[in-house]
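So the structure is just underneath, and the comments pick up after that.
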Amino acid sequence: MKAWTHFVISLIVGVFLTSGFAHAGLLDNFAGQSGKIDIAGGTAHIPVMTEAAKRIMTANPGIRINIEGGGTGVGVQKAGEGLVDIGNTGRALSEDEIAKYGLVSFAFAVDGVTVVVNPANAVADLSAAQVQDIFSGKITNWKEVGGADALINLYSRDEASGTREVFWGKMLKKGAIADSANIVASNGAMKVAVSQDAGAIGYMSIGFVDASVKAPTLDGIEPSQDNAKSGTYKVARKLYMNTKGQPQGLVKLFIDYVTSPECTDIIAKAGYIPLQ
Amino acid sequence: MQQIRTCRQNSSRFCRQLFFDRVVRILSCGAGFISLGTLAAIFVFLLVLALPLFLEGQWGQILSLTWRPYQGHYGILPMIAGSLALSVSAFAVAYPLGLGICVFACGPGPRPLRRAVIAVITFMTAIPTVVYGFVAVFLLVPILSGALTGRSGPSLLAACLTLALLVLPTIVLFLYQTMRETEKRTRLTSASLGFSPLQALLLVVLPGSATGLRTAAIMGYCRALSDTLIPLMLAGNAPQLPTSFFDSIRTLTAHIALVVATDNSSPAFHSLFACGLLLFGMSLAVQFMIRRHDASTKPLGGKWLDLLSFLAGHRLCRTLIHVWSGTASALMLIAIGGLVVFLLRQSLPVFNTRLFFGDAPIMAAILGRAPVWDGIFAACAGTVALVALASLMAIPAGIGAGIALSQYLHGRLARALRFSANTLAGVPSIVMGLFGFSLIIFLRHTIAPEANTSLLLSAFCLALLILPYMINATAQALETLPEELRLLGPSLGMTSLQSLRRILLPAANRGILGGIVLSMGRAAEDTAVILLTGVVAQGGLPRGLLDKFEALPFTIYYLAAQYQSADDLHKGFGAALTLLVLTVLLYGGARMLRAGMENEWKK
């Protein structure tokens, strides 16, 4: 009888303990903490940052997390100047930037950058050369690449964008981008702009691609995160968080949390391949 | 003995009164020079930060046609051309329309209809810029892409039409006011000459309103040139020379907003201050232009008069004028009607507590215990905090300066103060934002390494933005008081402070209050300033002065460009309606207070 009770109790305690462990993890580290974290920069990061912030702030309302976009350039500048705690970048930092500001980088996901067109556009495949010619302004009509007879409307990102830099370096091979290209300020804005304009072509993080835009295959390769991770699709980058010097306190907890296995579901849901 | 004591008491009381009088005089004159100081500070900041470019001989770089900072090209000529193209075209659309509407409003049409047109124009002044932009993105741009072949998406044309609508009330109200005054003055003359209403309008009222025609033109153009949000949202922002109306262009103002977050030591960063200087110089030039013309209040003459008499003399022309003024009014009514109906249709179905609080429990959210994730509550709270804080800073300074301007300062000093207030009112808000941003960079590198963009900074910059409105409103309210009231105090042996406190301020309080409420409306709708000085997309309730914050205009701007779901879009429409209701309430309140002031002291 006694042994039986012991068994039940230890079972219950065991269940409690394990379930406790399963739910606890890194989020528990935020308990009892208070303060704020300012985040700015890469716009591809925003869905991940927002979801992580949601979980942390729901677990502990005493913590406050501000999230701004602006693009990779903003992330470097603001983190470098100390205006924010974490500056996100959609590319690796240059040596100059590291030397000038003393930034430390933490990668958490792999992300491809793909060409996108309006879903109504019949063009389903483009070659790298065609993409380069379209963005340099040599090809101005969709019929030249097998589409309808309609003018091509270019959409690009501002110079602060990491997505632009990756696309420009790896897809356009540092070729020209026509000055006539419309400029939008984020991945989200790119999706909205391209989905509303039948003649549009733009480029953005694969994580943002959904039914409202169409990503044509490039030289026959499907631009997907899996292909980006395996290296079949070359136009890819890592997503980084950067801090000025080694992160301390709350900021360190946040970075540990986002780069931990606990956040892989958030990162996957946002459309990226987690590094963990 | 008793008598002597009372005498002493009286004399010491009198001394105290004189002392207070002097203190208030000094304080208010000091407040007056805040606007002068600010103007100087903005100029110095822009100049100093643009200077490295000029010192390093990069003039040629700046004045070139290519903006490709990654290749070392920093030309801002395309942006200058873009600014000119957009402002001139918007002005060319708005000015004839405005003139037509004024002719209609002063003309022989049915009185209720004329009053309705003016009422709608007045309502338009309360519509926030970001709401115009937001509705245009979802209503005008699709119409333009559908109707016109070739190009779709954002374009010079979309921005031009929206901007024309934005500056229309500025033009109409300036002109209408002058025309109505001229009409009153000349009514009998025209009647005795046997003029028909239209003849009177063309031959007497319009020529007599030359000042109004000019001021309306200058103010309207200035407004078109200094706007940031409409080109940013609608013109496409491509740094190229415009060649057609369907091209994508970038203005100087949008350029500053787009590029400000860049390496502080790069030429690209410094080139922004050259853009800022250009815009600043423009607002100075406008001041000079208005002042020069104010001196000559001569009526129109020469060719203009010939043209008007030709128009009045021919029946066909008269019919054309009727058609034109009717069409202009109808177009304006259709545009505003379309805007309001579209906004209401999109936003009313979602206008409920879910819009504000999402799934969070309402009480807990209001008390700040539960964060709101899917609602606009934090943005509303941010806007309220921002407006309150900015007013708190601007009201004492503005009223003080207004009092100094109307009571204490005379001659050159008063002229300088008036000039600085008017110029400050013309400084584009993006330049004010740029000033705030560079102020923080400056503070961080000098005395306050912890300084950061924040609620406090945004409120400070907004306060500077609305300060001139406050100064002018106070000065005007005091100056329009009847002369007898001004003489009453001195004739009773009051000190100037006593007369101010007991007679003038109570009499002018409605006018001053109206000015305060009006500038609160201005602070609530501005987006360009906060864009550069501390607003964030996601941040929750503001918890302190040094915190970052959310705000309604920015939320609307942000969602218009990058909504990710139908829910997001509805939230944008809901936020637009909320902001519109807020500004209409503030502007309506201001108008009622001012009308009350006029009724009280007329004759």
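Below, all heavy atoms of this structure are taken into account, side chains as well, without hydrogens, waters or symmetry copies.
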Using non-hydrogen atoms only, which part of [X] is less than 4.5 Å away from chain A: side chain, backbone, both, or neither?
{"X": "B/Ala268", "result": "neither"}
{"X": "B/Phe554", "result": "neither"}
{"X": "B/Arg543", "result": "both"}
{"X": "B/Leu241", "result": "neither"}

For B/Phe273, all residues meeting ring-ring contact (aromatic ring centres under 6.0 Å, His included), sequence neighbours excluded: B/Phe269
What closest approach, in Å, do [X] and [Y] show between heavy atoms, and which atom pair accounts for it?
{"X": "B/Val260", "Y": "A/Gln77", "answer": "O-NE2, 4.0 Å"}
{"X": "B/Asn237", "Y": "A/Ile183", "answer": "O-CG1, 3.1 Å"}
{"X": "A/Lys54", "Y": "B/Asp374", "answer": "NZ-OD1, 4.1 Å"}
{"X": "B/Pro154", "Y": "A/Tyr155", "answer": "CD-OH, 3.2 Å"}

Closest-packed option against chain B by number of heavy-atom pairs under 4.5 Å, given A/Gly73, A/Ala176, A/Ser186, A/Ser180: A/Ser180
Which of A/Ala185, A/Gly82, A/Gly199 touches chain B most, by non-hydrogen pairs under 4.5 Å: A/Gly82
Listed once per pair and sorted, the salt bridge (Lys or Arg N to Asp or Glu O under 4.0 Å) pairs that draw on residues 93-103 of chain A, sequence neighbours left out: A/Arg91-A/Glu97, A/Lys100-B/Asp263
Within 6.0 Å of CZ in B/Phe245, more than 12 heavy atoms from elsewhere: no
Partner chain A: residue of B/Pro449, B/Ala560, B/Ala561, B/Gly540 with the largest heavy-atom pair count (under 4.5 Å): B/Ala561
When B/Tyr558, B/Phe549, B/Tyr563 are compared by non-hydrogen pairs under 4.5 Å with chain A, the top option: B/Tyr563
Separation between [atom1] of [X] and [atom2] of [Y], rounded to the nearest 0.5 Å:
{"X": "B/Asn452", "Y": "A/Glu81", "atom1": "CG", "atom2": "CD", "value": "10.5 Å"}
{"X": "A/Ile177", "Y": "B/Arg68", "atom1": "CD1", "atom2": "CZ", "value": "9.5 Å"}
{"X": "A/Leu154", "Y": "B/Ser248", "atom1": "CG", "atom2": "OG", "value": "10.0 Å"}

Any side-chain heavy-atom pair of B/Ile440 and A/Leu83 under 4.5 Å: yes
Residues of residues 41-53 of chain A with any heavy atom under 4.5 Å of a heavy atom in chain B: A/Ile46, A/Thr50, A/Ala53
Pair A/Asn187-B/Gln562, side-chain contact (heavy atoms from CB on, under 4.5 Å): steps then yes or no: CA-CA 8 Å; A/Asn187 279 291; B/Gln562 42 193 317; over 6 Å; no
Contacting region of [X] [heavy-atom separation from chain B under 4.5 Å]:
{"X": "A/Arg164", "answer": "side chain"}
{"X": "A/Glu159", "answer": "side chain"}
{"X": "A/Ile65", "answer": "backbone"}
{"X": "A/Lys191", "answer": "side chain"}

Please report, to 0.1 Å, the donor-acceptor pairs under 3.5 Å made by any side chain of residues 30-39 of chain A, with sequence neighbours excluded.
{"residue": "A/Lys36", "atom": "NZ", "partner": "B/Asp547", "partner atom": "OD1", "Å": "3.1"}
{"residue": "A/Asp38", "atom": "OD1", "partner": "A/Asn66", "partner atom": "ND2", "Å": "2.8"}
{"residue": "A/Asp38", "atom": "OD2", "partner": "B/Lys548", "partner atom": "NZ", "Å": "3.1"}

